[in-house]
Protein chains: 2
Amino acid sequence: MSELANGWIKKISVTPPSLKDNTADVERLENALKSVINGEIYGIDPVVSEKLPELFRQNGFSLRCVLFRDRKKWHIAGIAGNGDEIIAGIAADLGTTTVVLRLIDLSDGRTMGECSFGNPQTSIGPDILARIHFSEKEDGLAVLNSLITEGINRAITELCRSCSVSPSSIYLISLAGNTAMTHLFLNLNPRYLIREPYIPVINRPGCLNARELGIRVNRSAKVFVFPNTGSYFGGDLIAGILYSGLNRGDKTAMLVDVGTNAEVVLGNRNWMVACAGAAGPALEGGVTKMGMTAGPGVIDRVSFDKETGLFSVHTIEELSPVGICGSGVIDLAAALFLSGMIDIRGKFVPGACKKRLIEKEGTKSFVLVPGSESANGNDLSITQADIDSLIRSKAAMYTILETIASYVGISLPGLSTFYVAGTFGSLINPRSAITIGMMPDLPEGTYRSIGNSSLEGASMILKDSNLIDEIDRIRDGITYIELNVNQDFMNRFSAARFLPHTNRSLFPSVG
Amino acid sequence: MSELANGWIKKISVTPPSLKDNTADVERLENALKSVINGEIYGIDPVVSEKLPELFRQNGFSLRCVLFRDRKKWHIAGIAGNGDEIIAGIAADLGTTTVVLRLIDLSDGRTMGECSFGNPQTSIGPDILARIHFSEKEDGLAVLNSLITEGINRAITELCRSCSVSPSSIYLISLAGNTAMTHLFLNLNPRYLIREPYIPVINRPGCLNARELGIRVNRSAKVFVFPNTGSYFGGDLIAGILYSGLNRGDKTAMLVDVGTNAEVVLGNRNWMVACAGAAGPALEGGVTKMGMTAGPGVIDRVSFDKETGLFSVHTIEELSPVGICGSGVIDLAAALFLSGMIDIRGKFVPGACKKRLIEKEGTKSFVLVPGSESANGNDLSITQADIDSLIRSKAAMYTILETIASYVGISLPGLSTFYVAGTFGSLINPRSAITIGMMPDLPEGTYRSIGNSSLEGASMILKDSNLIDEIDRIRDGITYIELNVNQDFMNRFSAARFLPHTNRSLFPSVG
């Protein structure tokens, strides 16, 4: 790949000092950079000053500087000789459950490697709420902070080893996470995030020193942390919007990140509104339960052949099936509904299900994969309770989408693009989601799965220095709506608790 | 003392957060400060972010902020509640031989205590040159850096204990030192300071984090390091000029700092030129040998009664005499010259010295205090070699003063004020210095001894935030002159090697 046009590496050469010009090395560097960046360097990291004199003299007063800009503040993230040493960066998606790191060559933007690991804070609590409560114990915050920073350090070590790169070659880290994870990473008290009026310690962490955050990479490396719009709308979503390009579109689009919560952004180049599914108690155990963990052997796709009446399943890594994840459940529910095995309320229809419907300890279950075909010999089945839960989830999701659209006076069918972000989201078959009325009935080409958009947004920042202002424009341009669970909301929610919806005209494509 | 009008402590109150305004704590603080400082905070120290949420809520969202400004960059050096906890700062004179710290209450500017200690780097080498050579060994710089930072830490601990203040109450440190000491304190490679073309690593260290420099005070405390004009004109002199007010004067004045070297500034509010005595080889062992160490029992003043022909001496702390320091030697030489006991070349006149002149191992000595009156039973005497050395020193000093004055076309008698800075300088009797032709023959009221002006300048910065720009104006306004040891210089030097001078008309007041 050729050199990045708008990368963060700038080559400079200075006139060597003489008796007639005894300007100090640091000021000489600053002056040279001033003309390159058309701006001013904000304070030089002492670590850079320490290295500068010998590096200048060993390289004939020509260097490569790794810069970073945060608003008007230019930082020097590091200096290196004019040889071919690797200058790398790391983009990070700091998820509540999973953390993903991507190693990027800052000279050409090439991805050198990627790794993901379970967030080690899961040992304290699976969800953010449990961790925030833990942080209020003595040393609780320090424990949580150390778990995540040391987890990242271990992953960096391994990633670097597998790519034959030294951690000291990493000069920039771009990190996107939800507001709570960002706080725990920055060692900031998260307790007011979950208490009315839900106040973060910081909205815009900006550019920080890696070494001060306990991250072991180059000693002068900088960490850019994506800003948040509030306690429930974090930097991961800002990064996702950046990646989707929703904020640059002429036509109005919607972005839904279906992770532990459902976060929704609606807008175009002129305006954006956003809301998060965690806002109302009606949604607790609603949207949140859908994001079941996918893994090897887990059924992620289910299809039904009307002719033969047979279900076929696809498992992750195509192993013998061990369970069903969220996207599989959505496919299954859609198939059950289309084949008449569940009714519009989602209740099993025994006459249609026939022998697949069994009853154990008073609970009705639909057997998708009999024990004889599963990995562990147990039937893989879905209970009435599972389907009831799915229907609450999908109803909550659709209600949120409807509510935010009606807030700005837009009808869902008018959307130009519907971006689905997140690992879970990327597994969902839009056709199934439409069939059960979880997502609006848009032409299938309108749906665009954008995967880990948080990681992609974080990566973009490392490759194109011109994008840095766009992050602030996105953050500042979002109007965050608190979802009020009022009568209107509850009416919508009730109407959405049918398959696909009480108002069938909203889903004309569903047979 | 009443509250400082232009101090660094600013009180702020913010509107408590609400559901209608969920601005994060940090941004709330920044917004409040914006209106107080009429500027922008440049990045918040993570340590401040960590403390902020609880401090806000424990103090009804009203705080005292310790700010610092460096050019356009405002820093938060710390935050404290609205109670009466001490908020203190430390002014430091980082001398090659002696370090002096002053603890100042930042709310009212009161000096709470002061302490001085021998620079622990003396164990490596008494002078800067030896230390710089040591710094080039493996780990040499780290050793030197740790000696000075740990020395300062110990002194801070003791100073704080004696003043019943916790080191965590110290939020600002203002530090002035010569360029080499500044580099060693900042852990910056000093090797190019002493090699042509004499390039510092940094001219303007600005405002740094105390914790990053290894200084154990409040965790968010900032250290302001006075800038230098080059390798031989350091922040101690910039601080000295600030304290003297030379840069604000309508009339042209001169400032001489007589320490290990002699550094000279000449100018007024419109211009300043400066030079340092270490610049030429002719001065080696010249000016440098004069700054002999004063201490208890050391003779610092000598007077002579023409009537009785008796010398009387004054010792530091008025103890029995143990030796003679530089200012005593100058007094003695002046008395010997006025009484005819040395001639205009500084040679002993046996007929005038009489029995006080003795000869030991071929060396002539003048006994000032006989063994019977000294603390250790030994004669306290001055040798011909001592006087020869003094004459070289004083000639070097006068030549520097003459050279810089002629550079700008000013005659020394035209000076409005002659500031003498430095501990040694403050002990010198101007009358004696004039008599031997070391300093120009100005009316005695023209001389002003300003003591440790480096410490005083560093203190001023902690008390008056308006002065911070003046430091840059001083630094940027100085034209530094390399003393060229050319024929002209050597002619002047030769002419000055007589008492008081070959040209007696330059010293009309000397009888």
Side-chain angles (χ1 to χ4, degrees), chain A residues 16-28 30 40 42-47 49-54 56-57 70-73 75 141 179 183 186-193 196-209 211-213 227-232 480 482, chain B residues 16-28 30 40 42-47 49-54 56-57 70-73 75 141 179 183 186-193 196-209 211-213 227-232 480 482:
Chain A
S18 67
L19 278 174
K20 285 185 181 157
D21 175 9
N22 76 341
T23 305
D25 288 339
V26 165
E27 280 77 6
R28 203 170 286 271
E30 283 178 328
E40 201 152 340
Y42 164 74
I44 294 243
D45 193 323
V47 174
S49 306
E50 285 172 22
K51 281 175 68 176
L52 184 61
E54 295 303 343
F56 251 162
R57 286 160 184 84
D70 182 24
R71 284 185 182 153
K72 289 176 190 161
K73 290 177 275 179
H75 299 264
L141 178 57
T179 307
H183 275 55
L186 296 173
N187 202 34
L188 296 177
N189 183 345
R191 65 175 298 175
Y192 300 106
L193 293 178
E196 206 180 301
Y198 313 111
I199 304 300
V201 177
I202 198 162
N203 287 137
R204 215 184 159 289
C207 181
L208 301 153
N209 288 325
R211 64 180 185 280
E212 288 226 82
L213 297 169
N228 64 68
T229 292
S231 293
Y232 293 108
Y480 184 78
E482 288 288 344
Chain B
S18 68
L19 278 175
K20 285 186 183 157
D21 175 10
N22 76 339
T23 304
D25 288 339
V26 164
E27 280 76 6
R28 202 169 287 270
E30 283 178 327
E40 202 155 338
Y42 255 60
I44 294 243
D45 192 323
V47 174
S49 306
E50 285 172 21
K51 281 175 67 177
L52 184 61
E54 295 301 344
F56 252 163
R57 286 160 184 83
D70 182 23
R71 282 183 184 155
K72 288 176 191 161
K73 292 176 273 179
H75 300 263
L141 178 57
T179 306
H183 275 53
L186 296 173
N187 203 34
L188 297 177
N189 183 344
R191 64 176 298 175
Y192 301 106
L193 293 178
E196 207 180 299
Y198 314 111
I199 304 299
V201 177
I202 198 163
N203 286 137
R204 212 184 160 291
C207 182
L208 301 153
N209 287 326
R211 65 180 185 279
E212 289 227 81
L213 296 169
N228 63 68
T229 292
S231 293
Y232 294 108
Y480 183 78
E482 287 287 344

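In what follows, chains carry the letters A, B, and so on, assigned in the order in which the sequence lines appear, proteins first and then strands, with residues in each chain numbered from 1.
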| request: Under 4.5 Å, counting heavy-atom pairs only, tell me which of B:R28, B:H183, B:K51, B:R211 racks up the most with chain A. | output: B:R211
| Which atom pair, heavy atoms only, marks the closest approach of B:N209 to A:E212? | ND2-OE2, 4.1 Å
| note | In this structure, CD1 of B:I202 is separated from CD of A:E50 (nearest 0.5 Å) by 10.5 Å
| query | So which of A:S49, A:G206, A:P16 has the largest heavy-atom pair count under 4.5 angstrom toward chain B? | reply | A:S49
| Who are the side chain to side chain donor-acceptor pair (under 3.5 Å) partners of A:N189, not counting sequence neighbours? | B:E54
| query | Using non-hydrogen atoms only, which part of B:T229 is less than 4.5 Å away from chain A: side chain, backbone, both, or neither? | reply | backbone
| query | With respect to chain B, which residue among A:T23, A:L213, A:L186, A:I44 yields the maximal number of heavy-atom pairs within a distance under 4.5 Å? | reply | A:T23
| query | With only heavy atoms counted, which part of A:F56 is less than 4.5 Å from chain B, the side chain, the backbone, both or neither? | reply | neither
| request: May I ask you to decide if A:N203's main-chain N or O and B:E27's side chain share a donor-acceptor pair within less than 3.5 Å? | output: yes
| said: If we define contacts as heavy-atom pairs under 4.5 Å, which of B:L52, B:N187, B:L193 has the most with chain A? | reply: B:N187
| Closest heavy-atom contact between B:P197 and A:N22? | O-CB, 4.1 Å
| message | Go through it in stages, so that I can follow the logic: the residues are B:E40 and A:K72, the test is salt bridge (charged side-chain N to carboxylate O under 4.0 Å, His left out), and I'd like the CA-CA distance, side-chain angles, deciding distance and then a yes or no. | response | CA-CA 11 Å; B:E40 202 155 338; A:K72 289 176 190 161; over 6 Å; no
| A:R57: side chain to side chain contact (heavy atoms under 4.5 Å, CB included) partners, not counting sequence neighbours | A:P17, A:D25, A:P53, A:F61, B:Y192, B:I199
| remark: Between B:L19 and A:E196, the two heavy atoms sitting closest are CD1-OE2, 3.3 Å
| field | Smallest separation among heavy atoms of A:L208 and B:P46, with atom names | value | CD2-CG, 4.0 Å
